[in-house]
Amino acid sequence: SSGTRTLTYLWNTGATTPSITVNPQISTNYVVTVTNSNGCSSTDSVTVYLPIAFAGSNQTICRGGSAQLNANLFNAPNSIASLIYSWTPLNGLSNSNVSNPVVTPSSTTVYTVTITDPQSNCSFTSSVAVLVLPTPQVNLGSNFDTAPGNNVSLSASISNQLAGITYSWSLIGTNNGNLVAGTGPNASFTAGNFTTTTSQEIVLTATNSNGCSGSDTLTITIDPSLG
């Protein structure tokens, strides 16, 4: 007679019940084999995913610089069509709803991203720190006029200094005089002997021990009427 056939279950965990409760620590594939009293069997499987959000490695920038973040969701099923991103805080963020925003924080900031799967409505979070190093602030003072052949002293004020700061002086464009670098943020400039008014731009770049640089430009007008 055709009575109710007995079914047996065997999971790859060793369980023998029709349903099991699992608590995996990583994404895991579970396989069950069902066998009837005639010895016929069928196998099926299901994967329990444990996605992990990763906001990227911590980054270091100089003050005034920028960094690009890059969030990913690992161990997620391939069937997820699109993910929703939300970054906080908003300080210095180019766009809070993309995976890879550009950030320009004015001070060290920890950014947190929440990645949401719109199908399951599950959300995953991760954080990344952007360390902002001090950048020298260079001030060469106001532009000024001088007579041809004059020798003038130049001195800059520097803020946000660190030990080991170095200085680099340079002329922009045509050399309309002679620039001699001195000690620290000091230099001297001897104007060329011109009969018509001309000008010279001078740049001082200060670089600290972290490799962060700041600069300022000074314009000296060489005016024959002052001679």
Side-chain angles (χ1 to χ4, degrees), residues 1-135 160 210-213:
S1 62
S2 58
T4 302
R5 301 187 187 279
T6 302
L7 299 177
T8 61
Y9 301 85
L10 179 61
W11 294 85
N12 60 342
T13 62
T16 57
T17 54
S19 62
I20 59 174
T21 299
V22 296
N23 186 27
Q25 300 304 304
I26 60 174
S27 297
T28 303
N29 187 49
Y30 294 94
V31 181
V32 63
T33 299
V34 182
T35 305
N36 65 19
S37 56
N38 291 328
C40 298
S41 62
S42 179
T43 300
D44 199 4
S45 64
V46 61
T47 300
V48 177
Y49 291 94
L50 271 73
I52 299 173
F54 182 57
S57 301
N58 295 338
Q59 299 191 51
T60 300
I61 63 172
C62 298
R63 183 180 174 88
S66 62
Q68 184 162 41
L69 307 182
N70 190 13
N72 287 283
L73 188 65
F74 296 106
N75 300 333
N78 295 329
S79 59
I80 297 181
S82 60
L83 297 169
I84 299 172
Y85 298 87
S86 178
W87 290 89
T88 57
L90 300 179
N91 301 349
L93 271 175
S94 63
N95 189 329
S96 63
N97 300 121
V98 295
S99 64
N100 57 345
V102 174
V103 296
T104 311
S106 58
S107 59
T108 296
T109 303
V110 176
Y111 292 96
T112 298
V113 63
T114 299
I115 306 175
T116 302
D117 170 13
Q119 297 177 9
S120 65
N121 205 35
C122 291
S123 294
F124 311 89
T125 62
S126 180
S127 297
V128 60
V130 179
L131 176 65
V132 180
L133 301 177
T135 296
N160 292 339
N210 288 324
C212 297
S213 298

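When reading the values below, keep in mind they use all heavy atoms of this one structure, side chains included, and skip hydrogens, waters and symmetry mates.
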Rounded distance [0.5 Å steps], [atom1] in [X] versus [atom2] in [Y]:
X	Y	atom1	atom2	answer
F54	N70	CZ	CG	9.5 Å
L90	S94	CG	OG	11.0 Å
I115	C122	CD1	SG	13.0 Å
D117	F124	CG	CZ	7.0 Å
T104	L93	OG1	CG	9.0 Å

Just by distance, do the side chain of [X] and the backbone of [Y] share a donor-acceptor pair under 3.5 Å?
X	Y	result
N72	F74	no
R63	S106	yes
T47	N29	no
N210	C212	no

Contact between [X] and [Y] at the side-chain level, heavy atoms closer than 4.5 Å - yes or no?
X	Y	answer
Y30	V32	no
Y85	S96	no
V103	Q59	no
L83	T116	no
Y111	T88	no
I61	L131	no
I26	L50	no

TODO: Give the C-alpha distance, both sets of side-chain angles, the deciding distance and a yes or no for side-chain contact (heavy atoms from CB on, under 4.5 Å) between T17 and Y9.
DONE: CA-CA 6 Å; T17 54; Y9 301 85; over 6 Å; no
Open item on the list: With a sphere of 6.0 Å drawn around CG of N121, does it hold more than 12 non-hydrogen atoms of other residues, nucleotides or ligands?
Closed with: no
Could you tell me which non-hydrogen atom of [X] sits nearest to which non-hydrogen atom of [Y], and how far apart they are?
X	Y	result
L10	G14	CD1-O, 4.2 Å
N97	S86	ND2-CA, 4.2 Å
P101	W87	CD-NE1, 3.4 Å
P118	S82	CD-O, 3.0 Å
S213	T135	O-CG2, 3.1 Å
N58	A129	OD1-N, 2.9 Å

Between [X] and [Y]: side-chain donor-acceptor atoms closer than 3.5 Å:
X	Y	result
T112	S127	yes
T114	S123	no
N75	S27	no

TODO: Give me the one residue out of V113, V128, V102, N100 that meets side-chain contact (heavy atoms from CB on, under 4.5 Å) with L69.
DONE: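 Only match with L69 under side-chain contact (heavy atoms from CB on, under 4.5 Å): V128.
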Open item on the list: Consider side-chain contact (heavy atoms from CB on, under 4.5 Å). Of V22, I20, T16, which one does W11 pass it with?
Closed with: I20
Open item on the list: Exactly one of N12, T35, T33 should register a side-chain hydrogen bond (donor to acceptor under 3.5 Å, both in side chains) with T43. Which one does?
Closed with: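 Checked N12, T35, T33 against T43; only one passes side-chain hydrogen bond (donor to acceptor under 3.5 Å, both in side chains): T33.
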